[in-house]
Engineer: 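Here's a structure for you.
Numbers restart at 1 for each chain; the letters A, B, ... are given by sequence-line order, proteins then strands. None of these values were measured; they are calculated from a predicted model.
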There are 2 protein chains.
Amino acid sequence: MKEGTSWTQIREEVLRRINERIWQPGELIPNEADLAEEFHCARTTVNRALRELATAGIVTRKRKAGTRVAVNPPHKAVLTIPIIREEVEAKGGSYRQSLLIRENRSLPAFLAGAFRVSETTPLLYTETVHFSDNRPFIYEERFTSLTAVPDFENADLLAETANEWLVQNAPYSGGDASFFAVSADAKLARAFDVAIGEALFATERSTWLAEAPITHVRLVYCPGYRMRTSF
Amino acid sequence: MKEGTSWTQIREEVLRRINERIWQPGELIPNEADLAEEFHCARTTVNRALRELATAGIVTRKRKAGTRVAVNPPHKAVLTIPIIREEVEAKGGSYRQSLLIRENRSLPAFLAGAFRVSETTPLLYTETVHFSDNRPFIYEERFTSLTAVPDFENADLLAETANEWLVQNAPYSGGDASFFAVSADAKLARAFDVAIGEALFATERSTWLAEAPITHVRLVYCPGYRMRTSF
DNA sequence: AAGTGGTCTAGACCACGCC
DNA sequence: GCGTGGTCTAGACCACTTC
């Protein structure tokens, strides 16, 4: 049929009225039926536009109570956690990795809180340096549960990074991540060729599949690295 | 009417088939019409389910090419950037701020790349320490454009933080953020009572409204702080 | 009880993109 | 060309929430 207004146009118009304070924060905006009449379109189309705005946190919707302009702008940013090889190559660098350690280890005590496997779970520990244009870029320390991913013990980690192998072979249902600063210890200082105590950006991530822990990884980035996002 | 299957049920069933590798990564899944027939529902309902999965990055969709299981799990995390007062109070701490500096400044050269205002734009510079239970929590340095937000010059920043005032009074259309590590300089070392050179976690954010820069802020967190998120 | 958003249907046309 | 997803319609019933 293609008459009236498209849902994206309605979304933009509503956004405009909110940004120009025609509809104030906290204020009730017209209901779907009225907006459909104003825009000469079906109520479904208005619904789509407002639903997207609600998902984005711009408005809040409740049955019977109606649709209101959200009081707080959505202080949210989507963080994309890239595959290291892709991050390096996206910046035009050449990627290389060096596998330093690969051995079975039990869970170290300091990880008991972050990585919830029992002390007897067999784990594979790997330590890898990722290079960008032959300069050390990321220092990776990873524990992977061989209970959750038995095949990982036989993975060829020289051809493929642990990250890539797991992405291809171990689905996960959730995870958590943290971001912080560390001082370079002797090992990191040597790896990055900086002084001991240098401030480095680091992240830790755990992933699991239906409550079963899969892997825990700590990445320490080279000096000066910034993780970026837009919103 | 309420027959067939709801779109959430379809979404869950598709997710199940993907997680159980019934549909492999990269593989083409049946088209909307066929799935609608299988689930005894309208094509619109299948469309809704698959659209949500595409938004979440679980599948990729192209006209004519069809719907495929995404090769990479969505390495995405939604980062909520909290209001500092709320972050402190959510952890059960008592919040207090101390406004150290409030004066007009022109744009410092080192920010020219990050905060794109002209050199002649009048800016208000504020420097604030945020406390949690009377311990210094965050050191904030902020530049705010008085062209974009003239009223900010008269804001009562003792009653309300700059962040809160801007959230209430200055809508924004976008922004970017970066996350990194810094070494404590003399000022930060004194503020947090740590040694010079200590590694601290920091973020920088800029926001703008329709290309017009509003504010640029650098937050340096207390030693040991971790920013966390789940996915 | 009544108003409002949430969802579903059946059908239609359109837009993109592979061939 | 033509198959596939993207969108829109008009109508209907449902579910939740406030009154």
Engineer: Counting only heavy atoms and a strict 4.0 angstrom limit, can you tell me which residues of residues 47-55 of chain B come near DNA chain D?
Structural biologist: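 B/N47, in order of number.
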
Engineer: List, with names and distances, any nitrogen or oxygen atoms from the protein found under 3.5 Å away from nitrogen or oxygen atoms belonging to nucleotides 16-19 of chain C.
Structural biologist:
none

Engineer: Under the salt bridge (charged side-chain N to carboxylate O under 4.0 Å, His left out) rule, collect the residues that match up with B/E12, sequence neighbours excluded.
Structural biologist: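 Testing B/E12 for salt bridge (charged side-chain N to carboxylate O under 4.0 Å, His left out), a comparison that skips the adjacent residues, returns none.
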
Engineer: Name the atoms and distances for all side-chain donor-acceptor pairs under 3.5 Å in residues 86-95 of chain A, with sequence neighbours left out.
Structural biologist:
unit_1: A/E87; atom_1: OE2; unit_2: A/Y225; atom_2: OH; d: 2.6
unit_1: A/S94; atom_1: OG; unit_2: A/D133; atom_2: OD1; d: 3.2
unit_1: A/Y95; atom_1: OH; unit_2: A/H130; atom_2: ND1; d: 2.6

Engineer: Taking atom C1' of C/dT4 as reference, at what distance in whole Å does atom CZ of A/R61 sit?
Structural biologist: 9 Å

Engineer: Could you state the atom-to-atom distance from CZ of A/R11 to P of D/dG6 in whole Å?
Structural biologist: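 After rounding, the reported distance stands at 15 Å.
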
Engineer: Using only side-chain N and O atoms of B/T67, determine if any of them is under 4.0 Å from OP1 or OP2 of D/dG5.
Structural biologist: yes

Engineer: Within the distance-only criterion (no hydrogens, no angle test), does the side chain of A/N47 pair as donor or acceptor with the backbone N or O of A/R43 below 3.5 angstrom?
Structural biologist: no

Engineer: Got a sec, which residues hit side-chain contact (heavy atoms from CB on, under 4.5 Å) with A/E27, two or more places apart in sequence or on another chain?
Structural biologist: A/W23, A/Q24

Engineer: Between C/dG6, C/dT7, C/dA10, which nucleotide gets closest to the side-chain atoms of B/A42?
Structural biologist: C/dA10

Engineer: If the condition is side-chain contact (heavy atoms from CB on, under 4.5 Å), which residues does B/S230 pass it with, not counting sequence neighbours?
Structural biologist: A/D176

Engineer: Under 4.0 Å between a side-chain N or O of B/T45 and OP1 or OP2 of C/dT9?
Structural biologist: yes

Engineer: For B/R17, give me all partners under salt bridge (charged side-chain N to carboxylate O under 4.0 Å, His left out), at least two apart in sequence or on another chain.
Structural biologist: B/E13, B/E38

Engineer: In whole angstroms, how far is the P atom of D/dT9 from the CD atom of A/E37?
Structural biologist: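 So the two atoms are 14 Å apart, to the nearest Å.
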
Engineer: Measure the distance from CZ on A/F39 to C1' on D/dT7 and round it to the nearest whole Å.
Structural biologist: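 Distance check: A/F39 CZ to D/dT7 C1' gives 17 Å.
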
Engineer: If I take atom CD1 in residue A/I10 and atom C1' in nucleotide D/dC8, what distance separates them, rounded to the nearest angstrom?
Structural biologist: 10 Å

Engineer: Tell me: CD1 of B/I29 to P of D/dT4, nearest whole Å?
Structural biologist: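 B/I29 atom CD1 is separated from D/dT4 atom P by 13 Å.
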
Engineer: Taking CG from B/L35 and P from C/dT9, how many angstroms apart are they, rounded to a whole number?
Structural biologist: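 Interatomic distance, CG of B/L35 to P of C/dT9: 14 Å.
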
Engineer: Apply side-chain contact (heavy atoms from CB on, under 4.5 Å) to B/A177 and list each qualifying residue two or more places apart in sequence or on a separate chain.
Structural biologist: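 Listed in chain order: A/T229, A/F231, B/F179, B/R205.
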
Engineer: Answer yes or no: is there a donor N or O on one side and an acceptor on the other, between the side chain of A/T161 and the main chain of A/E164, under 3.5 Å?
Structural biologist: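 Answer holds: yes.
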
Engineer: With no angle test and no hydrogens, is the base of C/dG6 tied to the side chain of A/R43 by a donor-acceptor pair under 3.5 Å?
Structural biologist: yes

Engineer: In whole angstrom, give the distance that lies between atom CG of A/L28 and atom C1' of D/dT18.
Structural biologist: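 Atom CG in A/L28 sits about 12 Å away from atom C1' in D/dT18.
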
Engineer: Salt bridge (charged side-chain N to carboxylate O under 4.0 Å, His left out) with B/R11: which residues, sequence neighbours excluded?
Structural biologist: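 Counting only residues at least two positions away or on another chain, B/R11 forms no salt bridge (charged side-chain N to carboxylate O under 4.0 Å, His left out).
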
